[in-house]
Q: 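First, the structure itself, so that you have it in front of you.
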Amino acid sequence: MPLARPSSLMVGSTLGARLVPVVTDRRLPIELQRQVQIGAGSLVFAGTLLGLLASPWFFAVPALVGAGLMTAGLTGFCGMARILMRAPWNREVYGAPARAA
């Protein structure tokens, strides 16, 4: 028996499903993971552009961002996420950092 294409399997399996509309709260900030992706992508783009146009020393910026992303992937610790959690727009969602007495 030949295997069906994945697209036909997905369409057939969702036809009878009762889908609920997704409700999003526009007052909440963007998810932290997306904020990290936006920040890292912006730094890499800006560093590459400045490296091409201004000085080759700016190529260190994308290299450091890449090293940080590799570290986050290997260890689970993301420094940019830690910094963004303390940003003013994220304090309500992720709470204020606890201080040791």
Q: Do side-chain atoms of R86 reach the backbone of R91 as a donor and acceptor pair under 3.5 angstrom?
A: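 Such a contact is absent between R86 side chain and R91 backbone.
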
Q: Hydrophobic cluster membership, with links at side-chain heavy-atom distances under 4.5 Å among I/L/V/M/F/W/Y: are L28 and V36 in one?
A: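 Yes.
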
Q: Indicate, with yes or no, if L43 and W57 share a hydrophobic cluster defined by side-chain heavy-atom contacts under 4.5 Å among Ile, Leu, Val, Met, Phe, Trp and Tyr.
A: no

Q: Side chains of L52 and F58: does their closest heavy-atom pair fall under 4.5 Å?
A: no

Q: Taking all atoms of both residues into account, what is the closest heavy-atom pair of P29 and V93, and its distance?
A: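 Nearest heavy atoms, P29 then V93: CD-CG2, 3.5 Å.
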
Q: Would you check, one step at a time, whether the test side chain to side chain contact (heavy atoms under 4.5 Å, CB included) holds for M85 with N90?
A: CA-CA 6 Å; M85 283 173 61; N90 286 329; 5.6 Å; no

Q: Any heavy-atom pair between the side chains of L84 and W89 that's under 4.5 Å?
A: yes

Q: If you group Ile, Leu, Val, Met, Phe, Trp and Tyr by side-chain heavy-atom gaps below 4.5 Å, do V61 and V44 land in one group?
A: yes

Q: Nearest 0.5 Å please: distance from the CG atom of L74 over to the CG atom of L69.
A: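 Those atoms lie 11.0 Å apart.
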
Q: Count the heavy atoms of every other residue, nucleotide or ligand shown that sit under 6.0 Å from CZ of F59, and state whether that count exceeds 12.
A: yes

